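Every number for a ligand or one of its atoms is a count from 1 in the order of the listing. These figures come from a predicted structure and were not determined experimentally.
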Amino acid sequence: MKLFQPITLKDTTIRNRIVMAPMCQYQADDDGFVQPWHLTHYTSRSIGGVGLIIVEATGIERRGRLSGNCLGIYHDEHIEGLERIATWGRMNGAVMGIQLSHGGRKGHGDSLIGPSAISADPQRYPVPQELTDEGIDQLLMLWKEAAGRAREAGFDMIQLHGAHGYLLHSFLSPIANQRQDQYGGSPENRRRLLMRVVQSVKEEWPDDRLLSVRLSAVDYVSGGLTLEDTSATVIALKEAGVDIIDISSGGIVPALIDAFPGYQVTLAQAVKAASSLPTIAVGRLDSLDLAESVVASGHADFVALGRALLRDPHWVLRSTEQLADVPWPESYNRARRHS
Ligand SMILES: Cc1cc2nc3c(=O)[nH]c(=O)nc-3n(C[C@H](O)[C@H](O)[C@H](O)COP(=O)(O)O)c2cc1C
């Protein structure tokens with residue numbers, strides 16, 4: 001099955017096309033430090049055969065975390081725990097990524113920031129402060145420093161969280177971004193912050209390691225982001241040196257989404273067709289036949305699994321039990337039933 005064939009990007013070989021989607025665990029302490037939970041959780045999925053693990057949204061500043069118990073990467077002291085996650089995962093054959101994130105107007109605490117002074121949801125979030133030019137320069141520094149810490153921790157890939165209504169998405173979307181300056185208005189202006197973040201991160205992130213961006217392809221609301229906007233952004237990201245695009249959707253406003261199995265695949269397919277960038281599809285792809293068809297048809301290069309890997313850390317092992325050419329951990333081979 002193509003799903004279980006390796007793929008090489010730059011100098012990194014990923015043993016199969018299964019990605020563990022980034023998923024907040026809400027298990028860090030109140031200053032974002034790694035706990036035994038994280039080590040057990042991510043290491044289990046690496047033993048379980050996942051090709052690429054993307055560690056959950058990890059805040060580049062304290063108020064940019066998505067909750068008071070999300071991981072942080074804003075102190076040098078955070079590196080030690082994160083390094084352990086990266087090392088233990090790699091020891092078990094997984095390529096290890098980390099999602100760098102800033103919640104913006106959907107962050108944590110009372111002093112939120114955003115492109116414009118518009119609350120993401122007045123029931124849940126205060127009105128954010130509109131970012132100034134100085135604020136943007138400070139943020140670029142924080143993204144850059146976080147990338148340096150991810151490098152020190154030994155991750156193979158950084159993913160920038162540009163989806164689900166958080167800071168970078170909120171600049172991209174005309175719903176949240178009503179600025180009149182060089183960061184608002186035209187699609188080019190709205191993507192300027194994301195492009196500058198990519199540039200800043202690349203100052204600390206080595207060219208031979210992988211760089212990914214996760215985007216919400218559409219906002220599911222009139223006047224919001226469209227697939228055409230997103231495809232243009234992905235083409236610009238490719239020119240800026242991004243290696244892998246991960247296509248999700250929604251999050252800028254509460255929307256009713258029909259989340260049938262594979263509901264976001266056509267979005268990934270369109271973005272890949274427009275950009276030819278290696279693409280991750282995500283969203284209820286845990287039926288083996290569906291996952292294989294997404295990769296075999298070339299609609300996407302990778303299939304990310306979220307909740308399925310929460311339910312079953314051994315999803316890959318279970319799926320490859322009969323595929324003798326797909327190696328299992330030596331210690332588990334006696335559990336492999338052959339027909
Ligand atoms: C518990 C949980 C936490 C999540 N946290 C994140 C996150 O940190 N970053 C992110 O980009 N998406 C996050 N997501 C979304 C998942 O990455 C994924 O896109 C979504 O669950 C759909 O995939 P699935 O149907 O395979 O679960 C989270 C989802 C779940 C269920």
Side-chain angles (χ1 to χ4, degrees), residues 3 17-28 32 34 37-38 41-42 44-45 48 50-60 64-73 82 85 96-104 106-108 146 150 155 157-170 172 194 212-218 220 230 244-252 255 257-268 271 279-292 294-295 300 302-313 315-316 319:
L3 198 56
R17 313 306 181 86
I18 303 295
V19 176
M20 180 176 181
M23 283 178 290
C24 294
Q25 294 297 295
Y26 313 106
Q27 291 277 355
V34 167
W37 175 275
H38 301 100
H41 170 71
Y42 291 110
S44 304
R45 277 70 192 174
V50 171
L52 167 63
I53 291 176
I54 307 178
V55 170
E56 67 201 76
T58 301
I60 62 148
R65 292 186 300 156
L66 310 185
S67 78
N69 293 101
C70 284
L71 289 175
I73 189 163
L82 294 170
I85 296 180
M96 296 300 294
I98 183 167
Q99 188 181 56
L100 302 187
S101 148
H102 195 298
K106 289 172 72 176
H108 168 65
F155 283 96
M157 187 186 90
I158 281 179
Q159 177 173 86
L160 306 177
H161 198 342
H164 303 166
Y166 300 117
L167 185 73
L168 297 177
H169 181 190
S170 70
L172 290 169
L194 174 62
S212 167
V213 175
R214 184 172 240 204
L215 293 177
S216 283
V218 292
Y220 297 113
T230 301
I244 306 177
I245 197 78
D246 180 355
I247 293 300
S248 187
S249 65
I252 213 75
I257 301 172
D258 181 11
F260 56 89
Y263 67 106
Q264 294 171 138
V265 171
T266 51
L267 304 174
V271 164
T279 300
I280 303 173
V282 65
R284 295 197 59 201
L285 290 173
D286 54 303
S287 124
L288 183 58
D289 288 345
L290 178 56
E292 169 64 12
V294 168
V295 171
F302 297 91
V303 164
L305 303 181
R307 288 161 292 181
L309 283 169
L310 296 184
R311 286 192 291 272
D312 179 6
W315 190 95
V316 174
S319 305

Taking the side chain from [X] and the backbone from [Y], do they hold a donor-acceptor pair closer than 3.5 Å?
X: Trp315; Y: Asp286; answer: yes
X: Lys106; Y: Ser170; answer: no
X: Ser216; Y: Ala163; answer: no
X: Gln159; Y: Ser212; answer: no
X: Arg45; Y: Leu309; answer: yes
X: Asn69; Y: Ala28; answer: yes

Measure the shortest side-chain to side-chain distance between Leu215 and Leu194 over non-hydrogen atoms and say whether it is less than 4.5 angstrom. yes
Within the structure, is a non-hydrogen atom of Ala308 found at a distance of less than 4.0 Å from ligand 1?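 For ligand 1, residue contact (heavy atoms, under 4.0 Å) with Ala308 is absent.
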Consider every N or O of [X] and every N or O of ligand 1, then say whether any pair is closer than 3.5 Å.
X: Arg307; value: yes
X: Leu66; value: no
X: Ala21; value: no
X: Ala304; value: no
X: Ser248; value: no
X: Leu285; value: no

Considering only the protein, which heavy-atom contact is closest to [atom], and what is its distance?
atom: atom 26 (O) of ligand 1; result: Gly306 N, 2.8 Å
atom: atom 14 (N) of ligand 1; result: Pro22 O, 3.4 Å
atom: atom 3 (C) of ligand 1; result: Cys24 N, 3.4 Å
atom: atom 29 (C) of ligand 1; result: Met23 CG, 3.7 Å
atom: atom 9 (N) of ligand 1; result: Gln99 OE1, 2.8 Å
atom: atom 23 (O) of ligand 1; result: Val282 CG2, 3.6 Å

Which of the atoms in ligand 1, numbered in the order shown and given with their element, are less than 4.0 Å from a heavy-atom of [X]?
X: His161; value: 9 (N), 10 (C), 11 (O)
X: His164; value: 10 (C), 11 (O), 12 (N)
X: Ala57; value: 8 (O)

Residue selection (non-hydrogen contact nearest atom 10 (C) of ligand 1) among Gln25, Arg284, Arg214: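 Answer by nearest heavy atom: Arg214.
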Quick check on side chain to side chain contact (heavy atoms under 4.5 Å, CB included): which of Val218, Thr230, Val282 does Leu267 satisfy it with?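 Among Val218, Thr230, Val282, the one that satisfies the side chain to side chain contact (heavy atoms under 4.5 Å, CB included) with Leu267 is Val218.
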Quick one about Glu56 and Tyr42 (side-chain donor to acceptor, distance below 3.5 Å, no hydrogens or angles considered), yes or no?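 Yes, Glu56 and Tyr42 have a side-chain donor paired with an acceptor closer than 3.5 Å.
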Should the ring pair Tyr263 and Phe260 be called parallel, tilted or perpendicular, given that the plane angle runs from 0 to 90° and is split at 30 and 60?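 Perpendicular: the ring planes of Tyr263 and Phe260 meet at over 60°.
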Under-4.0 Å heavy-atom contact with ligand 1, by part of Leu305 that carries it: backbone
How close do Arg65 and Gly32 get, counting heavy atoms only, and between which atoms?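 So the two residues come closest at NH1-N, 3.2 Å.
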